[in-house]
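A short write-up of the structure that comes next.
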Amino acid sequence: MRKGVKATVIGGVFVVMVGGAGYGAFNLVSALNGDGGIGASEPEPVRTGPPSGDEVKETTGKFFAAWEKGQAATAAALTNNELAAEPLFTAYGQDAHITGVSVTPGAGTGATVPFTVKATVSYDGKSKPLTYKSTLTVVRGKTTGKALVDWKPSVVHPELQRDDTLVTGEAASPPIEAVDRDGTVLTEDKFPSLGPILDELRDKYGEQAGGTPGVELAIRHASAEAADTPLLTLAEGKAGRLPTTLSASAQAAAEQAVKGYDESSVVAVKPSTGEVLAVANNREDGFNAAFLGQLAPGSTMKIMSAATLIDNGITDMNGPAPCPNDATWQSQKFHNIKGMDPNPDATLSDSFARSCNTAFVKYADEVEVDSLTKEAEERFGIGKDNWKTGIPSFDGRVPASGGPDTAANMIGQGQVQMSPLNMASVTATAITGTFRQPVIVPQKLDGRELASARGLSADTVGQLRAMMNRTATSGTAAEAMSGLAGSIGAKTGSAEVDGQKTSNSWFTGYRDDIAAAAMTEEGGHGGDAAGPIVAAVLRTGG
């Protein structure tokens, strides 16, 4: 053999050692550990499938133990989103001053485990016990295969949302005692869906109402515009009295009505003044969709579309608005709801009451791209982003979109977006002819400048009221509005949304001097879910 070459036998295999120990060691390791080599050991396979019961128990045990000890990094590492979890666990102990944590798991179902947290919140010599319940789910890590806690901020506290944190200290705003138009005190306990709205009112008007802040544990939301959500009061502040435009009786009816339909929102306004009488939401996420929702309003939009046709001299309530089975606009085909018979001789009033889509689509040829936009902004006060209701609100959006959306916008699809507040305002303007920007806090409280619009002519108002009355008494809204006396009118709507099997249910109506609008996500036709909600609120009479 050549100099520098050694040979040896390992386990019956002849191995050549070349050029010194380093190279020889490399080859030896390769021989011993390479694929199919001598002494080869396969890496432990990554586990798949749902975590076992033992894994769930072990993971939650370690997670709760780390949480109790204030070990933020360790607790976070036991989740499937360590980077998001660690700052919140750190804030839990440091910014929120929560100590003495004890977590008690309950009887779980599969990989989901309910638990109870008991702790103490201490700040500036003041302490109070804190108790709440939450749940977590153990999942399989996608890359590691480890059993990990599926990270959601609600694991730490059920009211926490993405990017929220916890703080304890002097409250950002003094407390308020909000009262309705007759002086009745409005509380979250009595009116649950007013919770986030009262927080917003407190944030904006707490100091102005004359209160002094206390000390509290609160959720600080990611958005700088969102008010803190108080969770626990360590020291009471002095509440200032804040008047609102709400009506306790209308609010009670609204709260009760939305309870019957998940993901529902409703707003009622007083058309003669623009005052908000009620606002209620029944949503899992706690979002004030009644004021801030941005969704296609479906055929409730035909109130503004009909006004556009009338104001531009295209047709009127007794003029032609044929209703074929389908209509095509710039290669997009539009249909009516299933079961609607065509009517080539229909008037605008006929097609409005039946909610015929194709009748409005056919008129897309005769309106300008921005006709509906101008009608919304100039006459109904919608879409100019200048409302000042007293709390954050969305002002509606009716863009001048060309192509197929010119037609789609006419029937409340396309690029049009509304909230129930917007549609309640649209109805109020339609039946009075005057746009009065909705308010939930009297303007005189802070002298803020309200939005304005020129409104509608008496002739247009007369036609809209007649068509809405026909819809409420013999059209698509008749069933929901049955039994309501007085001057009434309504419009139904169903809006298809990408990714949803069932359309969103919309309904807006009026009775004397109260107008209301509701939306139920995946609620079906307008009269199915949103209709009964609106009718229940209208029955209170404000």
Side-chain angles (χ1 to χ4, degrees), residues 271 297-323 336-337 340-341 343-364 366-367 371-372 375-376 379-380 382 409-412 416 418 423-435 455-482 484 486-494 506-517 525-527 530-531 534-535 538:
S299 291
T300 58
M301 185 67 184
K302 290 172 185 170
I303 297 171
M304 273 198 284
S305 298
T308 301
L309 297 177
I310 295 168
D311 288 339
N312 285 276
I314 295 171
T315 190
D316 59 30
M317 64 175 288
N318 296 316
C323 180
N336 294 317
I337 61 173
M340 181 181 291
D341 294 328
N343 183 355
D345 301 317
T347 63
L348 182 62
S349 180
D350 294 333
S351 291
F352 186 95
R354 300 174 71 209
S355 203
C356 175
N357 291 332
T358 58
F360 286 83
V361 169
K362 295 290 271 186
Y363 274 117
E366 299 189 39
V367 297
S371 293
L372 191 59
E375 188 79 12
R379 296 186 179 275
F380 287 88
I382 294 288
N409 289 351
M410 295 283 286
I411 58 173
V416 173
M418 295 285 170
M423 291 313 306
S425 177
V426 165
T427 294
T429 302
I431 66 171
T432 63
T434 302
F435 167 69
L456 302 164
S457 69
D459 179 61
T460 300
V461 167
Q463 294 186 56
L464 292 176
R465 288 184 72 108
M467 289 191 291
M468 292 183 73
N469 176 259
R470 179 178 176 183
T471 306
T473 55
S474 61
T476 57
E479 183 175 352
M481 297 287 285
S482 63
L484 286 171
S487 176
I488 64 170
K491 185 70 192 79
T492 57
S494 57
W506 283 82
F507 194 102
T508 185
Y510 67 88
R511 177 188 178 216
D512 298 330
D513 196 23
I514 179 172
H525 296 305
V534 167
L538 295 181

Does the pair Met481 and Leu538 meet the rule for a side chain to side chain contact (heavy atoms under 4.5 Å, CB included), with working shown?
CA-CA 9 Å; Met481 297 287 285; Leu538 295 181; 3.9 Å; yes
Would you sort out whether Ile314 and Val367 count as a side chain to side chain contact (heavy atoms under 4.5 Å, CB included), showing the intermediate values?
CA-CA 8 Å; Ile314 295 171; Val367 297; 3.5 Å; yes
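- When every heavy atom of Pro297 is checked against every heavy atom of Met423, the shortest pair comes out as CB-SD, 4.2 Å.
- Note that CE of Met304 and CD1 of Ile382 are 5.5 Å apart. Values are rounded to the nearest 0.5 Å.
- Between atom OG of residue Ser371 and atom CG of residue Asp311 there is a gap of 10.5 Å, rounded to the nearest 0.5 Å.
- The list of salt bridge (charged side-chain N to carboxylate O under 4.0 Å, His left out) pairs with a residue in residues 471-481, not counting sequence neighbours, is empty.
- A heavy-atom distance below 4.5 Å is not found between the side chains of Thr508 and Val426.
- Looking at Asn357 and Lys302, their side chains come closer than 4.5 Å, going by heavy atoms from C-beta outward.
- Inter-residue side-chain proximity for Leu456 and Phe435 is flagged as unmet; no heavy-atom pair is nearer than 4.5 Å.
- Counting heavy atoms from C-beta on, the side chains of Thr429 and Thr434 never come closer than 4.5 Å.
- In terms of heavy atoms, Ala306 sits closest to Leu464 at CB-CD2, 4.1 Å.
- Across all their heavy atoms, Gly527 and Ala480 have their closest contact at O-CB, 4.5 Å.
- Here the closest non-hydrogen pair linking Ala515 and Ala424 is CB-O, 3.9 Å.
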Worked verdict on Thr427 versus Lys491 for side chain to side chain contact (heavy atoms under 4.5 Å, CB included)
CA-CA 9 Å; Thr427 294; Lys491 185 70 192 79; over 6 Å; no
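- Between the OG1 atom of Thr315 and the CD atom of Gln463 there is a distance of 8.5 Å, given to the nearest 0.5 Å.
- Considering all non-hydrogen atoms of both residues, Ala359 and Ser351 come closest at CB-OG, 3.4 Å.
- Closest of all the heavy-atom pairs between Ile303 and Met468 is CD1-CE, 3.7 Å.
- By the side-chain contact (heavy atoms from CB on, under 4.5 Å) test, Ser349 pairs with Met317, Thr347, Met467, Arg470, sequence neighbours left out.
- No side-chain heavy atom of Arg379 sits under 4.5 Å from any side-chain heavy atom of Thr460.
- Remark: Thr471 OG1 to Ile488 CD1 distance equals 10.5 Å, nearest 0.5 Å.
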Ser305 vs Glu375, side chain to side chain contact (heavy atoms under 4.5 Å, CB included): CA-CA, chis, key distance, verdict:
CA-CA 8 Å; Ser305 298; Glu375 188 79 12; over 6 Å; no
Starting from the C-alpha separation in whole Å, work towards a yes-or-no answer on side chain to side chain donor-acceptor pair (under 3.5 Å) for Ser355 and Ser299.
CA-CA 7 Å; Ser355 203; Ser299 291; 3.2 Å; yes
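- Put simply, the side chain of Thr476 does not reach to within 4.5 Å of the side chain of Ile337, judged on heavy atoms.
- Under a 3.5 Å cut-off, the side chain of Asp350 and the backbone N or O of Ala321 do not form any donor-acceptor pair.
- A 4.5 Å side-chain heavy-atom check between Leu309 and Met410 finds at least one atom pair inside the cut-off.
- Rounding to the nearest 0.5 angstrom, the gap separating the CD1 atom in Ile411 from the CG atom in Asn336 is 8.5 Å.
- Considering only heavy atoms from C-beta on, Phe360 comes within 4.5 Å of Leu348 through its side chain.
- Between atom CG of residue Asn469 and atom OG1 of residue Thr473 there is a gap of 4.5 Å, rounded to the nearest 0.5 Å.
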